[in-house]
Amino acid sequence: MSNGDALTFDIEKNSKPATASERETLLQNPGFGRIFTDHMVTIRYSQDRGWHGAKIEARKALALDPATVVLHYAQEIFEGMKAYHLPDGGAALFRPSANAQRFHNSAERLAMPPLPERLFVESVRELVKIDREWIPTAEGASLYLRPFMIGSESALGTRPATDYLFCVIASPVASYFKGGASAVTLWVSENYTRAAPGGTGAAKCGGNYAASLSALAEGQREGCDQVVFLDAVEKRWIEELGGMNIFFVFDDGSLQTPPLTGTILPGITRDSLIKLGRDMGLTVREEPYSIEQWQADAQSGRLREAFACGTAAVVTPIGKVKGRKHNFTIGDGNAGATTLRLKAALTDIQFGRAPDKNEWLDRLF
Ligand SMILES: *Cc1c(COP(=O)(O)O)cnc(C)c1O
């Protein structure tokens, strides 16, 4: 049985790729996750053969039996990462081995066979190389990569699937929120929680997102952009947004972010910003922060800024917070100076504009 360590990719090029002019038109206004490149990666797993059949092929619809496990029991995990266009015409990934490790951890949590980390990174690298013409060059734009894995066996019995499909697709993206640096309004979810102790909050799985959508719809009805979730036990400790971690900036210049207690997704952007903040000489605490304290500190001025962070949305300032019992503005409601400084420090490394002292970039060509 193959553990996947020695797999190589069969390459079947798309016989009808987009023409250069079609691609250029699409790249002018990519939005987020709306357009896709010419190819995809697929690797299969079966109980008796292990990992096999690694392929780069034309992007196409997947054929799934209606009884496929993922369609019924949501045995699915994913990653989100980006390839960045560099000033010399090359391209790089940002900390891909951190995504590979997290994918491994998510697989274990959902009782899926872990894909070897080398194979994960190789898949993403190969896809970016074959679709390199799709990496956008506009300011702030990048090629978003979406590796994912599903239970692909057809069976309605509840148990882990025997067969799996790993797949990587790629999507050129502009910035996630319209307007880029403008601040978002958060809805404090009191009716819904996202993750409970012992649950899947620390795994990157589609089920967590499914569970967050009613809260998002509620927030959007209240005129908010995103939801901030509180802990499931005491309903007072701030955890994170539906798909982003959160940071607070205080009047003494210090930063704080909720600790990774198992119900929060361990963001790679979060981890990178903790390091960059400390490199700048700032104090960064990983400590719990309550919603009441946040409101009190925002009103007294002790809390100066807050921002959300993640691969898709990068660093997004938080301007206002609303809920049934809450309604407050952060600072003057716009992006704060520390938020913008951290965002610049991170994106300057990602786009190759600043020295990469931590060796975070993985250059592709
Ligand atoms: C992916 C994700 C994040 C951000 O992680 P990054 O590695 O920084 O992209 C934060 N929260 C949730 C729930 C996520 O799924």
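Values in this document were obtained by computation on a predicted structure and should not be read as measured data. For ligands, and for the atoms within them, numbers begin at 1 and follow the listed sequence.
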**Student:** For Thr200, does its backbone N or O pair with a side-chain atom of Asn208 as donor and acceptor, under 3.5 Å?
**Tutor:**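 At least one qualifying donor-acceptor pair exists.
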**Student:** Without hydrogens or angle criteria, can the side chains of Arg146 and Ser171 be said to hold a donor-acceptor pair below 3.5 Å?
**Tutor:**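 On atom types as modelled, these side chains do not qualify, holding no pair under 3.5 Å.
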**Student:** Check this for me: does any side-chain nitrogen of one of Lys275 and Asp279 sit under 4.0 Å from a carboxylate oxygen of the other?
**Tutor:**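 Salt bridge: no.
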**Student:** Can you find a non-hydrogen atom of Ala312 under 4.0 Å from ligand 1?
**Tutor:**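 Ala312: no contact with ligand 1 (<4.0 Å).
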**Student:** Among protein heavy atoms, which lies nearest atom 11 (N) of ligand 1, and at what distance?
**Tutor:**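 Of the protein heavy atoms, Glu240 OE1, 2.5 Å lies nearest.
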**Student:** Mind checking whether Val121 and Ile77 sit in one hydrophobic cluster, side chains of I, L, V, M, F, W, Y counted as touching below 4.5 Å?
**Tutor:**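 Yes, same cluster.
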**Student:** Can you find a side-chain donor-acceptor pair between Thr42 and Glu57 that sits under 3.5 Å?
**Tutor:**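 Indeed, the side chains of Thr42 and Glu57 share at least one donor-acceptor pair under 3.5 Å.
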**Student:** I want to know if ligand 1 touches Arg102 in the polar sense, i.e. an N/O pair below 3.5 angstrom.
**Tutor:**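 Yes, at least one N or O pair falls under 3.5 Å.
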**Student:** Could you identify the single nearest non-hydrogen protein atom to atom 3 (C) of ligand 1 and state the distance to 0.1 Å?
**Tutor:**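 Protein heavy atom with the smallest distance to atom 3 (C) of ligand 1: Gly243 O, 3.4 Å.
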**Student:** At what distance is the nearest protein heavy atom to atom 9 (O) of ligand 1, and which residue and atom is it?
**Tutor:**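 Ranking protein heavy atoms by distance from atom 9 (O) of ligand 1, first comes Thr311 OG1, 2.6 Å.
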**Student:** Record the part of Met81 in heavy-atom contact with ligand 1 below 4.0 Å; permitted values are side chain, backbone, both and neither.
**Tutor:**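 Contact part for Met81 vs ligand 1: neither.
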**Student:** What atoms of ligand 1 come closer than 4.0 angstrom to any heavy atom of Arg194?
**Tutor:**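 Within the 4.0 Å cut-off of Arg194, ligand 1 contributes 13 (C).
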**Student:** Is ligand 1 under 4.0 Å from a heavy atom in the side chain of Arg95, in the backbone, in both, or in neither?
**Tutor:**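 Contact part for Arg95 vs ligand 1: neither.
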**Student:** With a cutoff of 4.0 Å, is Glu79 in contact with ligand 1, counting heavy atoms of the residue only?
**Tutor:**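 Flag not set, Glu79 not near ligand 1.
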**Student:** Is it true that, when you exclude Glu139 itself, more than 12 heavy atoms of the residues, nucleotides or ligands shown sit nearer than 6.0 Å to its CD?
**Tutor:**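 Open.
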**Student:** Which residue and non-hydrogen atom of the protein lie closest to atom 5 (O) of ligand 1, and at what distance in Å?
**Tutor:**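 Answer, as residue, atom name and distance: Gly267 CA, 3.4 Å.
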**Student:** Could you check whether Arg363 pairs with Asp356 (Lys NZ or Arg NE/NH1/NH2 to Asp/Glu carboxylate O, under 4.0 Å)?
**Tutor:**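 Answer for the salt bridge query: no.
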**Student:** Of the non-hydrogen atoms in Pro87 and Gly352, which two are nearest, and what is the gap between them?
**Tutor:**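 Reported closest heavy-atom pair: CG-O, 3.7 Å.
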**Student:** What is the closest protein heavy atom to atom 8 (O) of ligand 1, and at what distance does it sit?
**Tutor:**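 Of the protein heavy atoms, Thr269 OG1, 2.6 Å lies nearest.
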**Student:** Output the list of atoms in ligand 1 that are nearer than 4.0 Å to some heavy atom of Ile268, sorted by atom number.
**Tutor:**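 Reading through ligand 1 atom by atom, the close ones are 6 (P), 7 (O), 8 (O).
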**Student:** Please write down residue, atom name and distance for the protein heavy atom closest to atom 1 (C) of ligand 1.
**Tutor:**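 Heavy-atom neighbour on the protein nearest atom 1 (C) of ligand 1: Lys204 NZ, 1.4 Å.
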**Student:** Please verify the inter-ring angle class for Tyr289 with Phe248; under 30° counts as parallel, over 60° as perpendicular, anything in between as tilted.
**Tutor:**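 Judged by the thresholds at 30° and 60°, the geometry between Tyr289 and Phe248 is tilted.
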